[in-house]
Amino acid sequence: MLCKICKAKGKREKAVIFIRHHRLALCKKHFLEWFQKQTLKTIKHFSMFKKNEKIGVAVSGGKDSLSLWQLLTEAGFETVGIHISLGIDTEDYSKKSLNLCQKLAEKINKPLIVFDLKKEFEHTIEEIAKLSGRKDICSICGTFKRYIMNKVALKENLYAIATGHNLDDESAVLLSNTIRWEIGYLGRQYPVLHEREGFARKVKPFCFLTEKEIVSYAILKGIDFMETGCPNAKMATSPAYKQALAYLEHKMPGTKLRFYKEFLKKAKPIFEKETKEEYDLTPCKICGMPTTADICSVCRILEKIRGVDA
Ligand code: SF4
Ligand code: ZN
Ligand code: ZN
């Protein structure tokens with residue numbers, strides 16, 4: 001297959017990728033250009049951030065977040081990487097993830113902030129989940145990650161936190177929320193989560209790009225990334241929704257993009273109206289971070305654990 005853009009210019013260059021839902025075959029050069037253009041278009045369309053604003057990129061060591069960090073840096077944005085080391089020993093997951101983030105930081109010559117859970121809270125994420133008596137490690141992990149990102153954003157005076165969530169992630173979350181008619185979540189699902197006292201602005205510049213496109217970008221740019229996901233990922237439900245959507249995508253190319261884009265355009269504004277509740281935020285009595293209760297959920301969990309420890 002030949003690159004469509006090269007062909008239009010009268011050149012014969014072999015395509016490295018065929019993007020089925022756009023019916024687009026592209027060579028390396030034109031794919032990398034297309035990929036960056038799509039990301040920048042999304043950033044502009046949703047007014048995510050501008051060139052002079054300092055952005056924290058949440059990097060896990062996976063293809064999505066590392067690709068995003070390199071792309072934003074190359075596009076001239078002011079970036080800093082933020083990595084949360086969860087202390088997961090299985091297959092040396094946390095150690096390897098941190099190494100890959102450090103490697104990219106050196107390559108692109110940007111600072112990396114590392115938040116080590118064990119050092120800061122005396123326990124790894126698996127210990128926290130176990131000691132607090134919770135089986136849903138991923139939901140605890142999500143709570144801690146959000147808390148830490150907000151804290152770092154505040155401390156470093158960051159304009160926004162960018163995450164590597166892609167179209168596969170977003171459409172899977174959308175399907176899961178739709179199947180359960182989670183109106184509250186549907187009203188909030190959006191590529192930009194606006195800042196509110198103490199809560200950082202969160203943005204997802206890759207929300208219209210697929211996993212396949214991102215993995216191709218990472219490989220073509222020579223980015224080393226964790227090929228195996230977190231060992232606890234098998235406990236999450238999202239793979240089932242991703243598989244369902246992959247089947248539909250196979251039968252009807254463009255399903256994922258249509259599903260997500262049409263939701264943002266037609267359904268999200270309706271759900272948003274239904275969920276316009278503003279909560280009063282007060283500083284947590286222990287850590288000072290904003291919360292709707294007296295004590296924030298992270299401090300509540302940590303207090304419980306300290307009780308268990310004692
Ligand atoms: Fe955390 Fe679960 Fe993701 Fe692992 S799979 S990083 S435990 S949320
Ligand atoms: Zn080309
Ligand atoms: Zn707190």
Side-chain angles (χ1 to χ4, degrees), residues 1-19 24-35 37 58-62 64-65 82-98 100-101 115 117 120-121 123-130 132 134-151 154 163-165 169 172-173 198-199 216 220 226 228-239 242 281-306:
M1 206 178 291
L2 295 175
C3 169
K4 197 174 170 183
I5 300 177
C6 285
K7 211 168 152 191
K9 290 178 179 168
K11 284 196 278 177
R12 290 176 65 81
E13 191 69 45
K14 250 187 160 176
V16 292
I17 188 167
F18 177 59
I19 306 162
L24 196 58
L26 295 172
C27 67
K28 179 178 172 179
K29 175 178 176 273
H30 287 124
F31 169 68
L32 292 176
E33 276 177 17
W34 175 87
F35 188 93
K37 214 164 130 195
V59 284
S60 64
D64 307 293
S65 55
I82 309 165
H83 177 72
I84 302 173
S85 194
L86 299 165
I88 298 172
D89 283 336
T90 316
E91 295 153 24
D92 269 345
Y93 176 75
S94 289
K95 214 182 275 171
K96 285 182 188 163
S97 305
L98 173 61
L100 291 165
C101 296
F115 189 101
L117 219 63
E120 302 286 337
F121 297 140
H123 293 290
T124 67
I125 197 65
E126 289 167 332
E127 288 166 358
I128 291 171
K130 199 171 166 199
S132 62
R134 298 263 300 262
K135 288 198 176 75
D136 50 344
I137 181 167
C138 292
S139 116
I140 288 230
C141 184
T143 303
F144 273 76
K145 285 200 277 198
R146 277 190 298 276
Y147 175 88
I148 295 164
M149 284 298 161
N150 281 328
K151 227 176 163 172
L154 214 64
T163 59
H165 291 98
D169 300 323
V173 168
F199 289 123
S216 306
L220 293 170
M226 282 294 280
T228 52
C230 169
N232 295 313
K234 50 187 178 297
M235 310 234 230
T237 50
S238 64
K242 283 192 179 175
L281 296 171
T282 49
C284 165
K285 285 197 170 135
I286 297 177
C287 69
M289 289 296 280
T291 173
T292 51
D294 278 355
I295 296 174
C296 76
S297 44
V298 163
C299 287
R300 269 205 307 267
I301 295 169
L302 292 172
E303 284 296 286
K304 193 174 172 190
I305 290 174
R306 278 176 200 129

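Counting convention: from 1, in listed order, for ligands and their atoms alike.
The shortest side-chain heavy-atom distance between R134 and S139 falls under the 4.5 Å cut-off. Residues E33 and I5 have side chains not in contact (no heavy-atom distance under 4.5 Å, counting atoms from C-beta outward). The closest side-chain heavy-atom distance from I84 to I125 is not below 4.5 Å. Residues T292 and L281 form a side-chain contact, since some pair of their non-hydrogen atoms from C-beta on lies under 4.5 Å apart. The closest side-chain heavy-atom distance from Y147 to C287 is below 4.5 Å.
For S97 (side chain) and G61 (main-chain N/O), no donor-acceptor pair under 3.5 Å exists by modelled atom type. Counting only distance, with no hydrogens or angles, the side chain of H83 and the backbone of V59 share a donor-acceptor pair below 3.5 Å.
Not a single heavy atom of E126 sits less than 4.0 Å from an atom of ligand 1.
Counting all heavy atoms, side chain and backbone alike, G164 lies closest to D169 at O-OD2, 4.3 Å. Heavy atoms only, all atoms of each residue included: E126 and G87 are closest at OE1-O, 4.5 Å.
Atoms of ligand 1 found under 4.0 Å from any heavy atom of C138, numbered from 1 in the order shown, are 2 (Fe), 5 (S), 8 (S). Close contacts of ligand 1 with L86, meaning ligand atoms under 4.0 Å from a residue heavy atom, involve 6 (S). If you number the atoms of ligand 1 from 1 as listed, the ones under 4.0 Å from a heavy atom of A233 come out as 5 (S).
For atom 7 (S) of ligand 1, the nearest non-hydrogen atom from the set I125, T143, N232 comes from N232.
Protein N, O or S atom count below 2.8 Å of the Zn ion (ligand 3): the structure gives 4.
At least one N, O or S atom of C141 sits under 2.8 Å from atom 1 (Fe) of ligand 1.
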